[in-house]
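Since we're looking at a predicted model, the values are computed, not measured.
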Amino acid sequence: MDYKGVIFDFNGTLFFDNDKHVKAWGAISQLLRDKGITDEELHEHFNGVPNKQIIQYMLGDKCTEDDIVKYSSLKEEYYRKFCKEDIENFHLVKGSEEYFDLLTEKKVPFTIASASIKENIDFFVESFNLDKWIAPSDIVYDDGTYENKIAIFKKAADVIKTDIKDCLIIEDSLSGIQNAYNSGCNMIIVIDSANKKDEYEKLPGVIKVIDDFTQI
């Protein structure tokens with residue numbers, strides 16, 4: 001192993017859940033606008049965009065801070081509900097637990113760096129028994145203090161006491177890959193949950209594109 005530590009993104013990387021987010025935002029859109037979300041809106045205004053901006057987009061000038069808090073929380077409640085209902089797909093990505101075991105055996109420190117909120121992180125820890133491998137206090141998430149995902153990655157490197165340039169970062173999205181590279185990481189493995197292998201392989205810092213953790 002050329003790397004000395006591993007940082008995992010979570011959503012779309014360790015857990016395939018994009019459809020649950022889309023479904024949850026669709027439910028919120030019905031509440032706020034009496035209509036669903038178009039594919040064009042999804043790509044231009046929803047994917048990779050913070051909850052606050054999405055709610056501001058849907059409500060426009062009449063959006064208040066109370067609205068943002070209320071509907072952001074409700075969206076995540078819907079998301080967790082839809083996750084639990086899809087029993088067949090409510091599990092970690094194939095091979096991930098074995099990879100966790102290997103890293104533990106080799107004494108390679110690792111953690112999760114996620115843009116998810118605390119309620120969702122707690123939900124993931126409980127649902128997937130993540131505390132078997134990672135102390136929940138070592139998971140870095142969006143607690144409102146980080147400027148962007150770059151800062152989250154850098155904090156995760158600090159948590160595992162490894163220079164970011166010696167870390168392997170595992171991501172799944174274009175923005176995530178770019179943020180990983182901009183954080184100072186040159187070893188990025190991409191989980192190809194979006195079927196964009198040819199595009200991902202050309203990006204700086206990417207050393208491998210895989211379908212699941214059995215291929216790592």
Side-chain angles (χ1 to χ4, degrees), residues 1-22 42-43 47-48 83 86-116 120-121 124-125 127-134 138-141 148-150 152-157 159-160 162-216:
M1 295 182 181
D2 295 330
Y3 49 88
K4 298 177 182 177
V6 182
I7 300 171
F8 296 87
D9 173 56
F10 193 84
N11 303 89
T13 300
L14 286 169
F15 175 45
F16 293 158
D17 63 346
N18 185 62
D19 59 321
K20 313 301 187 301
H21 286 290
V22 173
L42 188 62
H43 294 298
N47 287 344
C83 284
D86 187 8
I87 297 171
E88 181 181 354
N89 296 302
F90 192 41
H91 56 77
L92 293 175
V93 172
K94 185 178 179 181
S96 55
E97 295 186 19
E98 291 80 2
Y99 187 47
F100 290 164
D101 288 339
L102 176 64
L103 293 174
T104 301
E105 178 188 339
K106 299 290 186 182
K107 294 183 168 53
V108 177
F110 61 98
T111 193
I112 291 167
S114 173
S116 291
N120 284 356
I121 294 296
F124 299 142
V125 170
S127 300
F128 302 130
N129 299 313
L130 294 175
D131 52 352
K132 176 182 176 182
W133 300 277
I134 305 170
D138 285 346
I139 296 175
V140 185
Y141 59 89
N148 49 38
K149 189 69 182 285
I150 295 172
I152 289 177
F153 280 136
K154 288 181 176 179
K155 176 61 177 179
V159 166
I160 61 174
T162 307
D163 193 305
I164 192 76
K165 72 178 187 298
D166 295 321
C167 288
L168 171 68
I169 293 181
I170 304 179
E171 258 288 354
D172 72 293
S173 67
L174 289 171
S175 61
I177 296 163
Q178 187 65 55
N179 287 328
Y181 182 72
N182 288 342
S183 73
C185 177
N186 284 296
M187 292 182 284
I188 304 166
I189 288 181
V190 183
I191 300 290
D192 189 22
S193 54
N195 296 314
K196 295 182 178 180
K197 183 175 182 179
D198 292 342
E199 185 175 355
Y200 291 149
E201 286 179 331
K202 299 173 184 176
L203 297 176
V206 173
I207 60 173
K208 193 173 185 179
V209 180
I210 61 179
D211 294 317
D212 59 49
F213 288 91
T214 64
Q215 300 172 349
I216 202 164

- Query: Which pair of heavy atoms, one from K149 and one from D9, lies closest together, and at what distance?
  - Reply: NZ-OD1, 3.0 Å
- Message: Between I160 and I7, does the side-chain contact (heavy atoms from CB on, under 4.5 Å) criterion hold? Intermediate values first, please.
- Response: CA-CA 9 Å; I160 61 174; I7 300 171; 4.1 Å; yes
- Does the side chain of V93 come within less than 4.5 Å of S193's, by heavy atoms? no
- Item | Intermediate values then yes/no, ring-ring contact (aromatic ring centres under 6.0 Å, His included), F8 and F100 | CA-CA 11 Å; F8 296 87; F100 290 164; 5.2 Å; yes
- Qualifying residues under side chain to side chain donor-acceptor pair (under 3.5 Å), relative to D86, sequence neighbours excluded: K20, N89
- The side chain to side chain donor-acceptor pair (under 3.5 Å) partners of K196 (sequence neighbours excluded) come to none
- Message: Do D166 and Y3 make a side-chain contact, defined as non-hydrogen atoms from C-beta onward lying under 4.5 Å apart?
- Response: no
- Item | side chain to side chain contact (heavy atoms under 4.5 Å, CB included) partners of F15, counting only residues at least two apart | F10, D17, Y79, C83, F90, F124, F128
- Check against side-chain contact (heavy atoms from CB on, under 4.5 Å), E97 and F213: CA-CA 9 Å; E97 295 186 19; F213 288 91; over 6 Å; no
- Message: Closer than 3.5 angstrom, by distance alone: can the side chain of T162 be matched with the main-chain N or O of C167 as a donor-acceptor pair?
- Response: no
- Which atom pair, heavy atoms only, marks the closest approach of E88 to H91? O-CD2, 3.2 Å
- Smallest separation among heavy atoms of I170 and I191, with atom names: CG2-CG1, 3.9 Å
- Item | Note, Y141 side chain near N120 side chain (heavy atom, < 4.5 Å) | no
- Could you list the residues that satisfy side chain to side chain contact (heavy atoms under 4.5 Å, CB included) with D138, not counting sequence neighbours? T111, I134, A135, V159
Return a table of donor-acceptor pairs under 3.5 angstrom between the side chains of residues 199-210 and protein atoms on other chains or two or more places apart.
{"unit_1": "Y200", "atom_1": "OH", "unit_2": "D172", "atom_2": "O", "d": "3.0"}
{"unit_1": "K208", "atom_1": "NZ", "unit_2": "Q215", "atom_2": "O", "d": "2.6"}

- Residues passing the side chain to side chain contact (heavy atoms under 4.5 Å, CB included) test with V125, sequence neighbours excluded, are I121, L130, D131, P136, I139
- Message: For a 4.5 angstrom cut-off between non-hydrogen side-chain atoms, does F110 reach T104?
- Response: yes
- Message: Whether the side chain of S116 engages the backbone of S114 through a donor-acceptor N/O pair (distance < 3.5 Å, no angle test) should be reported.
- Response: no
